[in-house]
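Notes follow the structure.
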Amino acid sequence: MISRPATPTSLAIFCKVVDNYGDIGICWRLSRQLRREHAIDVTLWVDNLDSFRRLCPAVDPGALVQLVEGVTVRHWCGQGDVFAPTDVADIVIEFFACDIPPGYIDAMASRTPRPVWLNLEGLTAEEWVEGCHTLPSMHPRLPLTKHFFFPGFTARTGGLLGEAGLDAQRRQFQSDAAAKAAFLASLGVTASEMALTKVSLFCYPDAPVAALFQAWQASGRAVVCLVPDGVAKQAVSAFLGADAAAGAAATRGALTVRVLPFVAQPDYDKLLWACDVNFVRGEDSFVRAQWAGKPFVWHIYPQDENLHHVKLRAFLQRYAATLDSLAQFSLAWNGVAGAGGDWAALWQALASDLPRIGQRADDWRGEMAALGGLSSNMLNFASALRSSAQ
Ligand SMILES: Cc1cn([C@H]2C[C@H](O)[C@@H](COP(=O)(O)OP(=O)(O)O[C@H]3O[C@@H](C)[C@H](O)[C@@H](O)[C@H]3O)O2)c(=O)[nH]c1=O
């Protein structure tokens with residue numbers, strides 16, 4: 001038996017950007033947290049530095065290797081496939097089964113001691129996840145075992161990604177009216193808009209945004225909808241009667257739509273904290289909305305054969321079982337057949353229920369925090385594997 005310290009000190013994450021920002025958004029968040037809170041020496045391999053730069057302006061899209069906030073960022077762009085065992089970290093994470101370079105896998109097999117190899121999977125509320133979380137998978141050829149690691153909403157999963165101290169920062173920000181106003185003003189939001197019901201909007205292009213805008217326009221409650229640049233471009237441009245570029249705004253009836261700059265990741269949290277209702281999408285903004293403890297509506301990443309509707313229902317069953325207004329609105333927002341399209345009625349029901357939905361959001365945030373946080377859960381699992389291998 002080879003003896004090795006149980007506590008891992010180095011970690012490599014491999015991230016392929018399939019589309020959008022979620023893949024790198026999650027991998028960057030995890031990398032930063034492991035470095036900052038656990039003093040792990042992290043190398044993040046990522047194949048698309050341009051997407052990364054939108055979330056983190058400090059990234060140099062031309063650099064093969066760079067240090068960003070203490071994390072070594074390597075542009076994963078087919079620069080050869082020869083690795084030595086000394087190149088391999090204590091823990092190797094492949095994100096979403098992204099096929100790490102074969103040469104790196106060979107080097108993992110030759111390394112002493114062998115690394116802990118994890119496949120970090122996507123977030124879903126479906127029950128089967130509990131049975132698959134931490135399952136091993138033997139390599140067909142090499143003496144290596146990969147383990148599946150699932151984020152999730154129960155104690156039998158890896159929990160949700162969230163930084164220590166995030167809640168304290170949120171509370172501090174939300175209790176400081178001047179900080180909130182200064183932040184919104186820095187994005188171009190006017191003082192009169194700040195007094196309205198503030199909604200942030202982040203969704204995929206097929207969301208029924210135009211129909212919801214019509215309902216808001218005609219509703220009795222004045223709404224300002226804050227849309228980061230590039231989101232729902234068609235519907236926003238149609239509403240504005242002009243190109244939806246950052247800084248553009250228009251008011252029709254009870255609705256003001258304002259296009260914001262696409263902000264860096266930490267500022268996106270502040271936007272969620274500052275708004276009354278948040279429309280979020282995919283995985284990472286969905287989780288951030290949960291940490292914000294505010295009412296939110298989720299636009300789920302679309303999948304073939306409407307598989308995503310199963311995932312949506314699984315989440316709503318856990319989260320909104322007693323919140324019919326939110327469940328109905330969410331089903332309709334995601335185009336679930338038969339969920340209805342009377343947006344005036346759907347919004348009216350949701351808006352009247354906001355205090356109850358807000359209470360649920362706050363309770364849920366506490367329940368999720370009690371699961372312990374994905375990065376700590378992952379490190380504990382890796383340490384246990386290393387100990388058992390000694
Ligand atoms: C609107 C906005 C978002 N963001 C960040 C928050 C998140 O980290 C990231 C958006 O990621 P998501 O919310 O996950 O949505 P997404 O649609 O960009 O990413 C998706 O990518 C697919 C390939 C995955 O399979 C999906 O599960 C999902 O992750 O962008 C900012 O930093 N600033 C902004 O202004």
Side-chain angles (χ1 to χ4, degrees), residues 13 15-33 44 46-48 50-59 68-69 94-98 119-126 129 150-152 160-163 166 183-184 186-189 199-207 209 225-233 236 244-247 258-275 278-292 296-304 307-308 310-312 314-315 333-334 374:
I13 303 183
C15 172
K16 270 196 183 141
V17 175
V18 177
D19 60 6
N20 305 320
Y21 308 107
D23 306 297
I24 184 59
I26 293 163
C27 290
W28 172 232
R29 198 181 284 298
L30 177 61
S31 301
R32 216 174 8 173
Q33 188 183 3
L44 170 59
V46 54
D47 66 346
N48 182 334
D50 292 318
S51 288
F52 189 2
R53 193 177 188 203
R54 287 209 83 189
L55 310 180
C56 177
V59 168
V68 186
E69 297 189 34
E94 60 179 49
F95 183 68
F96 270 2
C98 69
N119 178 8
L120 178 56
E121 284 287 345
L123 174 64
T124 173
E126 292 161 292
V129 166
F150 281 84
L160 299 179
L161 195 55
E163 301 80 5
L166 180 70
F183 171 72
L184 289 171
S186 76
L187 300 179
V189 182
V199 177
S200 75
L201 179 66
F202 188 36
C203 59
Y204 295 108
D206 62 323
V209 173
C225 178
L226 304 173
V227 195
D229 190 12
V231 176
K233 208 155 173 87
V236 174
R258 171 170 291 285
V259 183
L260 306 183
F262 193 94
V263 294
Q265 243 182 2
D267 280 348
Y268 184 64
D269 279 326
K270 289 187 181 164
L271 180 64
L272 299 176
W273 299 342
C275 285
N278 295 303
F279 285 69
V280 290
R281 76 182 199 190
E283 180 166 327
D284 195 50
S285 58
F286 170 52
V287 172
R288 303 316 280 184
Q290 292 171 58
W291 291 137
F296 70 89
V297 177
W298 182 31
H299 202 215
I300 187 169
Y301 187 74
Q303 288 182 293
D304 291 341
L307 242 182
H308 58 297
V310 175
K311 296 183 174 179
L312 173 68
F315 177 71
W333 185 244
N334 284 279
L374 184 127

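Atom set for the values below is all heavy atoms of this structure, side chains included, hydrogens, waters and symmetry mates excluded. Ligands are counted one by one from 1 in listed order, and the atoms in each one are counted from 1 as well. Residue numbers start at 1 and run along the sequence shown.
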(request) On the 0 to 90° scale, with breaks at 30° and 60°, tag the Phe296-Phe286 ring pair as parallel, tilted or perpendicular. (result) perpendicular
(request) At a heavy-atom distance under 4.0 Å, which protein residues reach ligand 1? Sort them by chain and number, would you? (result) Asp19, Asn20, Tyr21, Gly22, Asp23, Gly25, Leu55, Phe96, Phe202, Tyr204, Pro228, Phe262, Val263, Ala264, Gln265, Tyr268, Arg281, Gly282, Glu283, Asp284, Ser285, Tyr301
(message) Using the ring centroid of each side chain, check whether Phe183 and Trp273 are separated by less than 6.0 Å.
(response) no
(request) Could you check Arg288 against Glu163 for salt bridge (charged side-chain N to carboxylate O under 4.0 Å, His left out), going step by step and ending with a plain yes or no? (result) CA-CA 11 Å; Arg288 303 316 280 184; Glu163 301 80 5; 2.8 Å; yes
(message) Nearest 0.5 Å, please: how far is CD1 in Ile13 from OG in Ser31?
(response) 3.5 Å
(request) Calculate, to the nearest 0.5 Å, the distance between atoms NE2 and OH belonging to His299 and Tyr204 respectively. (result) 8.5 Å
(message) My understanding is that only residues two or more places apart in sequence, or in another chain, count here; which of them pass salt bridge (Lys or Arg N to Asp or Glu O under 4.0 Å) with Asp23?
(response) none
